[in-house]
Amino acid sequence: ILPFSGEDVNFSESLLDSTIANLVSTRRFTVLDRQSMEDLAGERSIAETNDLLPASELVALGNTLLADYIIVGKIKDISYQVREVYFPTIKRSFDIPEGKANISYKIIDVSTSQVKFSDAKTLGFDQGSFEKFIGSGMQPDPYNLMAQIASSRISNKIIESIYPIIVVGHDRGVITLNQGGNLVGKGSIYGLYERGKKIIDPYTKESLGRTEKLVGKLKVEHVTAKMSTASLIEGSPSIFDDLKVGRFLCRLEQVVNSGE
């Protein structure tokens with residue numbers, strides 16, 4: 001993951017550190033830190049590498065770093081304001097930051113030189129986004145908070161585009177998913193999709209992925225470091241009668257206490 005370009009260095013560094021931690025927690029990525037990248041890149045400056053560089057140069061860097069994917073992005077228009085909010089459950093008032101940040105990023109597959117996924121949006125941070133932090137009595141730096149929340153949303157998008165969560169088991173109503181860790185929250189809602197046949201682009205002959213059919217919704221009930229369990233809240237349990245690993249995948253729809 002290359003440092004996200006932007007005027008606010010602290011926000012960029014916090015976003016980078018949080019995203020690395022989130023991706024590593026899934027056990028599906030080994031992420032190089034900046035020092036390791038600079039050691040491998042030699043004379044090429046990692047600090048000067050940004051999302052404006054041609055994909056060919058980013059792929060060349062990826063090959064130098066022996067990386068499977070390169071993630072590069074840009075941050076702009078960060079702003080926030082603070083207002084006082086009273087929490088009756090704990091009988092205390094807190095200054096609640098509300099803000100936004102425009103973040104764009106892309107994932108480049110080094111082996112194919114193709115952009116595997118890209119996204120650009122303005123992320124909003126309201127009271128709901130901060131509740132789980134404020135509820136514990138903490139008053140952290142708002143920029144760090146916004147960076148952590150943005151990182152969670154971005155990390156989930158990255159995971160979904162490369163390694164979507166798969167249903168690996170079903171026993172008496174308990175559905176087992178092959179991911180736990182930081183990015184799966186108890187109470188979160190996932191769309192349950194059945195994978196279909198592969199789709200090939202008629203022009204490039206490139207695989208576009210598989211068809212997906214929405215067949216239900218899951219609610220996460222328990223999370224461990226390596227996996228999680230969920231219950232089916234929409235759909236028929238009979239779809240799991242002939243369960244094969246890889247047949248069903250999950251797409252995040254609602255994060256508990258995220259302000260989504």
Side-chain angles (χ1 to χ4, degrees), residues 1-38 46-47 49-51 67 69-80 96-108 117-136 138-163 165 179-188 220 223-226 228 252 254-260:
I1 305 176
L2 300 177
F4 282 42
S5 61
E7 296 181 359
D8 193 304
V9 176
N10 291 332
F11 185 93
S12 178
E13 290 182 348
S14 181
L15 178 67
L16 176 65
D17 291 343
S18 295
T19 303
I20 290 175
N22 285 333
L23 294 183
V24 170
S25 75
T26 68
R27 302 174 296 107
R28 291 175 176 78
F29 294 90
T30 299
V31 182
L32 294 174
D33 58 29
R34 179 179 295 189
Q35 186 59 54
S36 297
M37 288 192 291
E38 290 177 346
I46 296 298
T49 304
N50 57 62
D51 63 322
Y69 300 98
I70 288 283
I71 300 174
V72 62
K74 183 178 182 179
I75 307 164
K76 63 179 182 179
D77 299 332
I78 305 173
S79 64
Y80 76 94
I96 305 295
E98 297 177 331
K100 66 177 182 178
N102 189 305
I103 302 177
S104 60
Y105 61 98
K106 57 187 174 183
I107 306 169
I108 297 176
F117 179 79
S118 64
D119 194 17
K121 63 174 58 178
T122 299
L123 300 178
F125 310 95
D126 57 15
Q127 178 179 333
S129 301
F130 296 97
E131 277 183 346
K132 65 179 180 180
F133 295 95
I134 301 302
S136 63
M138 297 174 60
Q139 292 186 343
D141 177 77
Y143 275 101
N144 285 333
L145 268 180
M146 290 193 295
Q148 290 175 37
I149 296 168
S151 169
S152 178
R153 299 176 186 178
I154 290 171
S155 298
N156 273 304
K157 289 288 187 181
I158 293 172
I159 289 296
E160 283 194 350
S161 68
I162 301 177
Y163 298 114
I165 297 176
Q179 185 175 310
N182 298 343
L183 293 181
V184 182
K186 182 178 178 180
S188 295
V220 176
V223 181
T224 67
K226 295 183 178 181
S228 53
L252 183 63
Q254 180 182 344
V255 184
V256 63
N257 288 335
S258 72
E260 294 274 8

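Since this is a predicted model, take the numbers as computed values, not measurements.
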Checklist entry - How many angstroms lie between atom OH of Tyr105 and atom CG of Leu2, to the nearest 0.5 angstrom? => result 15.0 Å
Checklist entry - Between Ser188 and Val184, is there a donor-acceptor pair closer than 3.5 Å when you use the side chain of the first and the backbone of the second? => result no
Checklist entry - Hey, is the main chain of Gln179 close enough, under 3.5 Å, to the side chain of Ser228 for a donor-acceptor pair? => result yes
Item to check | Any donor-acceptor N/O pair, Thr26 side chain to Leu23 backbone, under 3.5 Å | outcome: yes
Checklist entry - Looking at Ala150 and Ile103, what are the two nearest heavy atoms and their distance? => result CB-CD1, 3.8 Å
Checklist entry - Of the options Asn182, Leu183, Thr19, which is the one that meets Ser152 in a side-chain contact (heavy atoms from CB on, under 4.5 Å)? => result Leu183
Checklist outcome for this item: Minimal heavy-atom distance between Gly99 and Met146, with the atoms involved, is CA-SD, 4.0 Å
Checklist entry - Between Val220 and Gly185, what is the shortest heavy-atom contact and its length? => result CB-O, 3.6 Å
Next on the checklist: Strictly distance-based, threshold 3.5 Å: is any side-chain N or O of Ser14 a donor or acceptor partner for the main-chain N or O of Phe11?
Outcome noted: no
Checklist entry - Hey, does the side chain of Glu160 reach the backbone of Leu252 with a donor-acceptor pair shorter than 3.5 angstrom? => result yes
Checklist entry - What distance do Glu7 atom CD and Ile78 atom CD1 have between them, rounded to the nearest 0.5 Å? => result 8.5 Å
Checklist entry - Looking only at heavy atoms, what is the nearest atom pair of Gln148 and Ser18, with distance? => result CG-OG, 3.6 Å
Checklist entry - Got Ile20 and Phe29 here, is their nearest side-chain heavy-atom distance under 4.5 Å? => result no
Item to check | Test of ring centre spacing under 6.0 Å for Tyr80 and Tyr143 | outcome: yes
Checklist outcome for this item: When every non-hydrogen atom of Ile158 is compared with those of Ser161, the smallest separation belongs to O-OG, 2.8 Å
